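The structure under discussion appears below in the form of structure tokens.
For clarity, every value in this text was computed on a predicted model and none was experimentally measured.
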There are 2 protein chains.
Amino acid sequence: MPIKYHELDCVINGEYSIKCRRDGNEVFIPFFGFIQKYFEIYGKLSTEDGYERLEWEHSYSTVHRPREKYSPAGVFMSFEYYNVEERDRVRCISAMEGVPLSTQWTQNGHYYPIQISQFGLSHLSKYLTQPEAEVVTLEDGEDELESWILPDKRSQIELRKDPDLSTTLVEFTTSDSLKNPGISLPVDEKEDFVLSADIKFATDGSITVTIDTPGLQLFYIHYVLSSRLIFLDGHDIYYGLGDRRGQWMHITRDIAIDFDKGLALKYNKSKRTKMKLKVSRIKVVIVRGHGWLDNLTLSTTAHLDHFYNAANWLVLHQNDRGGWPISVQRKLIPKVLELEPGWYSAMAQGQAMSLLVRAYLRSHNTKYIQAAVDAMKLFEIPSMQGGVLAKYADRYDWYEEYPTTPSSFVLNGFIYSLFGLYDLKEVTSGEESKMAERLYNKGIESLKHMLLMFDNGSGTFYDLRHITLGIAPNRARWDYHTTHINQLLQLSVMDDSEIFKVTAQRWMDYMKGKRAKHN
Amino acid sequence: MPIKYHELDCVINGEYSIKCRRDGNEVFIPFFGFIQKYFEIYGKLSTEDGYERLEWEHSYSTVHRPREKYSPAGVFMSFEYYNVEERDRVRCISAMEGVPLSTQWTQNGHYYPIQISQFGLSHLSKYLTQPEAEVVTLEDGEDELESWILPDKRSQIELRKDPDLSTTLVEFTTSDSLKNPGISLPVDEKEDFVLSADIKFATDGSITVTIDTPGLQLFYIHYVLSSRLIFLDGHDIYYGLGDRRGQWMHITRDIAIDFDKGLALKYNKSKRTKMKLKVSRIKVVIVRGHGWLDNLTLSTTAHLDHFYNAANWLVLHQNDRGGWPISVQRKLIPKVLELEPGWYSAMAQGQAMSLLVRAYLRSHNTKYIQAAVDAMKLFEIPSMQGGVLAKYADRYDWYEEYPTTPSSFVLNGFIYSLFGLYDLKEVTSGEESKMAERLYNKGIESLKHMLLMFDNGSGTFYDLRHITLGIAPNRARWDYHTTHINQLLQLSVMDDSEIFKVTAQRWMDYMKGKRAKHN
């Protein structure tokens, strides 16, 4: 039943006043009108399970406890929860190399080695933690081809024994024109939307999937021999496979993602949701031109393919300094802390190491471990000389996510770089292992001396710009704060010194509004 | 008129729930029952000027803007607001030396050089900022003595010309027994309660004041030739003047303070207030024994006497290392950061310098400046060797308020030590000035590099124990936070680098609940 009370002014720090409610000796302060903003508290009215309440959350993100044992071959932290390709700042997954293109810091987009490594690590982690994928084989060249439909008499499709590959392939011949309905295979798949195929074109050509949406709108995604990344024209989405005529290509496409990124060129997320623009069914697969096809499948997921696409990209694009130069300008603080295009990131180098080490341990292909070893070189080169090595107080080595001058000392990027060095020292031997171990040990020593500089008594700092520049500190938002915690918990599995466990626990308490004591 | 609304549960961080009030889409949270404690906010219901409101205060202490010009001869910061002797942790003002005895960290009490210096600096600052004191001369030996009352025929009082002092004195002769009513002078003073006198005893003897309280209870304060500090027996309070028979003594006593400290031996503050145990009137002054008296006065204040008592104590008790060893054990963190009796404090050394420099500039007595110069020696001796010099990262000199190992880096004590060095470098010349300047400049350089390590984005840290020990940070409570601000504002008068002004402003904003941005 209703209760009676009176309105009362509350004068805030003698500066302004808000309307509160008084009942006896208690005064009630408005949550949505004041508390929420004044203290940055998160709250929502909830009536789940019929019981109405206000859910007060001091912070908004989640801590992931690491596994009890860590393996350089295994899941990376809790990256199985990452969905890199779904992020808005991923323009699309390139059909040429199967890696994401980032639009962070530039609308043109750039291949960001950190994002590519995280894409690969997340898919490996999903592969290792999720149930096995369902695979529907659409065509493996082993049976009759009667399900295929030819558009005209001049087109043909037949089985061919391939001597080199010692398997039977499907050879298709039809016009390469996109006006041509093409040689089509009815599919009608409602669940498994990841398409894989081995395909080679002798002429110009393309492979197309037709898509239904919940609103029964028909769309086409065309994978064409072109170097144009992505393009939308009405209901037609085009992805460029590159100019790879005459080469065997193993393509793996998440059709749902490709569709969403294509539509994103025209409609923002809320519009896409409102218009129900998502894949409800893959109706048909179509090939055009003259070429050969094998192992055409649709599956729930194809994590390992994505994982190797990322690893291969790193091997292919690593330069002679062992680095993956980042091609955009980065302004940490405009005019004060800026990095010109071509900078390297210790975080990129380290995340790449973690990915490459895993690719090596799965494939035993030494190209991966060699790339990981080469990636260490930049850790010994000072930021001023284009490397990633900073020193705190001329004394503590710190590997910089953003090698600015003066140094910025970003915590999470530094720890990711240590994880890379850890993975590397565990799997290498001899000189390479010694170098990785030396770099790792120096980094850990610095971390143990400097970790508490990031503890602000009620949360953490993202970096140490306040100390190096004498300016206001840069508090970490809660998602970075939880990244810090997740990293400390992971470190405490690798290194049993108290400081990581104890600090992680206190930092978790901060998320519930607890604070360090005052004197 | 009353408004209607409903009760609602608010679930706090999924851990527990509190009762709130809902009105439409707004939820009201109880201030006294929750907000106050959860966020450490200060608030009280006020109805001043008839208008009822809740006064919400994020912090509780006040910033004092410094004067536009700073002088080593002038007011020290805003110490005119300090009332050292009134603090509970001051047992009393010794009648032997006129300085406070501290009971901080030990019930036995000890002479704490920081407290003594602050006592002196506060009285000088009051002297320089307050209206001139009223002085009532009770006896100067210039006129007839008919106001004095003799207890018996054997007692006598007469004027005597003193060849050495070339002034006339009052010689008194009567039994030195405290049972003797003594030779008494009616006073009946209701306002000016600070007693001063020059007095010398040939025999045992005493000087007594009789006191009225608002409840018309009669009390006696006896200043006796004894080394017992303070003693209460019923309505008799005893202060020991030391065994100074045959010596001229200049005594200056704040009777109201002496009375309160005497009663404090038996009754706590609230009891004293409840029983109205304070001085409402000084009725009579009494002398006993055989001796000489001159310049007997009652005045509103006698700040300069207190100031010189403190300065003289420092000169007399400085040891051959130029220090004032502190005779109590100090446990910053029990078993981890402890100092054994005999430790030195850079803050004590620095505050003493500020006081001694002022005493020198007023008196031109070089004993004061010499003591201040000698006080610098310990700034060059590392904490481990019993000095006060710490180094941060083997690189930045820091003068320790508490020279623990590992270092604690207490901010406010360090800055006070810099103020002492600043005063000294301003008034000395030659080698002494060079040394003070070198120490000051090194300290300021360290401060500029390390100041922001104390900024936690919503307040400040008291010290850097979290960094040196890897433990939870020690947040400064608001009164220390405002001390930090007052010190930065003072520094920005001495040194015009931006960092002091800008940081002070941000730290003031923190007191209103503003915080540094998060990323």
Shortest non-hydrogen separation from [X] to [Y] and the atoms involved:
X	Y	result
Ala516(B)	Pro473(A)	CB-O, 3.4 Å
Asp455(A)	Phe461(B)	O-CZ, 3.5 Å
Ala476(B)	His518(A)	C-CB, 4.2 Å

Select all residues of residues 482-508 of chain B having any heavy atom within less than 4.5 Å of some heavy atom of chain A, and report them by number, or 'none'.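 When heavy atoms of chain A are the reference, residues 482-508 of chain B contributes Ile499(B), Arg506(B) within the under-4.5 Å range.
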Using only non-hydrogen atoms and a strict under-4.5 angstrom cutoff, which residues of residues 9-19 of chain B touch chain A?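 Contacts with chain A: Asp9(B), Cys10(B), Val11(B), Ile12(B), Asn13(B), Gly14(B), Glu15(B), Lys19(B).
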Of the backbone (N, CA, C, O) and the side chain (C-beta and beyond), which part of [X] lies under 4.5 Å from a heavy atom of chain A, both, or neither?
X	answer
Ile471(B)	backbone
Tyr480(B)	side chain
Arg395(B)	side chain
Ile467(B)	both
Tyr510(B)	side chain
Leu45(B)	side chain
Ser458(B)	side chain

Could you check which of [options] has the highest count of heavy-atom pairs closer than 4.5 Å to chain A?
options	value
Met511(B), His449(B), Arg475(B), Lys512(B)	Arg475(B)
Cys20(B), Ala472(B), Pro30(B)	Pro30(B)
Val27(B), Leu464(B), Asn25(B)	Val27(B)

Please classify the contact between [X] and chain B as side chain, backbone, both or neither, with a heavy-atom cut-off of under 4.5 Å.
X	result
Lys517(A)	backbone
Tyr42(A)	neither
Lys448(A)	neither
Asp394(A)	both

Any side-chain heavy-atom pair from His466(B) and Met453(A) closer than 4.5 angstrom?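 No; the side chains remain at least 4.5 Å from each other.
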Are the side chains of Asn519(A) and Asp463(B) in touch, meaning some heavy atoms are under 4.5 Å apart?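 Answer no - side chains too far apart.
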Does the gap between the ring centers of Tyr38(A) and His58(B) come in under 6.0 Å?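 Yes.
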Quick check: are there more than 12 heavy atoms from other residues, nucleotides or ligands sitting under 6.0 Å from CG of Asp49(B)?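 More than 12 heavy atoms, drawn from other residues, nucleotides or ligands, come within 6.0 Å of this atom.
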Donor-acceptor pair, side chain of Glu52(A) and main chain of Leu8(B), under 3.5 angstrom: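 A pair under 3.5 Å: no.
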What distance do Leu54(B) atom CG and Phe28(A) atom CZ have between them, rounded to the nearest 0.5 Å?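 With rounding to 0.5 Å, CG (Leu54(B)) is 12.0 Å from CZ (Phe28(A)).
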Atom OG1 in Thr468(B), atom CG in Leu452(A): separation rounded to 0.5 Å?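 Here the interatomic distance stands at 9.0 Å.
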Go through Trp56(A), Phe32(A), Phe31(A), Trp478(A) and name the one with the most non-hydrogen pairs under 4.5 angstrom from chain B.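 Highest number of heavy-atom pairs under 4.5 Å: Trp56(A).
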Most heavy-atom pairs under 4.5 angstrom with chain B, which of Glu55(A), Glu26(A), Met450(A)?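 Most heavy-atom pairs within the cutoff with chain B belong to Glu26(A).
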Can you classify the ring geometry of Phe39(A) versus Phe39(B) as parallel (below 30°), tilted (30 to 60°) or perpendicular (above 60°)?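 Parallel: the ring planes of Phe39(A) and Phe39(B) meet at under 30°.
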